[in-house]
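Below: the structure, in structure tokens.
Predicted, not measured: the structure shown is a model, and the values here were computed from it.
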Amino acid sequence: MKTSIHIQFRDDVNVKDVENTVKEALKAEGLKISSLKKLDIYYKPQENAIYYVAIDEDDNITGSNNKPLHLS
């Protein structure tokens, strides 16, 4: 079964697009997705802003953003 989740707030936002935006940002930072234990993603629809915290296998924060990402 394939599942799609969309957030509707002014515009339709696909959760997979939010996830892919974060993963591309992590790759740009030189982080490997496979090395992460946990990835917390926060989407603020009223601002179209995406924040994240990436945690490695040793429970260290290996990636996070203070400046929000935005969907194109």
Side-chain angles (χ1 to χ4, degrees):
M1 172 181 79
K2 181 179 176 184
T3 302
S4 290
I5 299 172
H6 295 263
I7 301 168
Q8 292 186 323
F9 182 86
R10 294 189 184 116
D11 293 320
D12 189 36
V13 177
N14 185 313
V15 174
K16 194 67 176 168
D17 292 340
V18 173
E19 179 182 357
N20 289 338
T21 299
V22 171
K23 287 182 177 179
E24 289 300 318
L26 289 169
K27 288 178 189 175
E29 289 182 37
L31 295 172
K32 292 183 180 180
I33 304 302
S34 61
S35 69
L36 299 179
K37 176 181 176 181
K38 184 176 180 185
L39 177 60
D40 293 326
I41 300 173
Y42 306 90
Y43 177 67
K44 296 177 74 174
Q46 68 274 21
E47 300 171 16
N48 187 33
I50 305 167
Y51 298 91
Y52 62 87
V53 177
I55 300 171
D56 67 13
E57 292 295 330
D58 297 323
D59 291 325
N60 296 314
I61 295 176
T62 60
S64 65
N65 63 324
N66 293 324
K67 183 177 177 185
L69 302 173
H70 299 280
L71 295 173
S72 6

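- With rounding to the nearest 0.5 angstrom, the NZ atom of Lys38 is 10.0 Å from the CD1 atom of Ile61.
- No side-chain heavy atom of Val15 sits under 4.5 Å from any side-chain heavy atom of Tyr43.
- Cluster annotation: Leu71 and Leu26 are assigned to the same hydrophobic cluster (Ile/Leu/Val/Met/Phe/Trp/Tyr, side-chain heavy-atom contacts under 4.5 Å, transitive).
- Placement of Ile55 and Val22 in two distinct hydrophobic clusters is found when ILVMFWY residues are connected by side-chain heavy-atom separations under 4.5 Å, directly or transitively.
- Each of Tyr51 and Val13 belongs to its own hydrophobic cluster when Ile, Leu, Val, Met, Phe, Trp and Tyr are linked at side-chain heavy-atom distances under 4.5 angstrom.
- None of Thr62, Asp56, Asp58, Asp59 except one satisfies the side-chain hydrogen bond (donor to acceptor under 3.5 Å, both in side chains) rule with Lys37; the exception is Asp59.
- Hydrophobic clustering places Ile33 together with Leu31 (ILVMFWY residues linked when any side-chain heavy atoms are closer than 4.5 Å, directly or through intermediates).
- A side-chain donor-acceptor contact under 3.5 Å links Asn65 to the backbone of Lys67.
- Here the shortest heavy-atom pairing between Ala25 and Tyr52 reads CB-OH, 4.1 Å.
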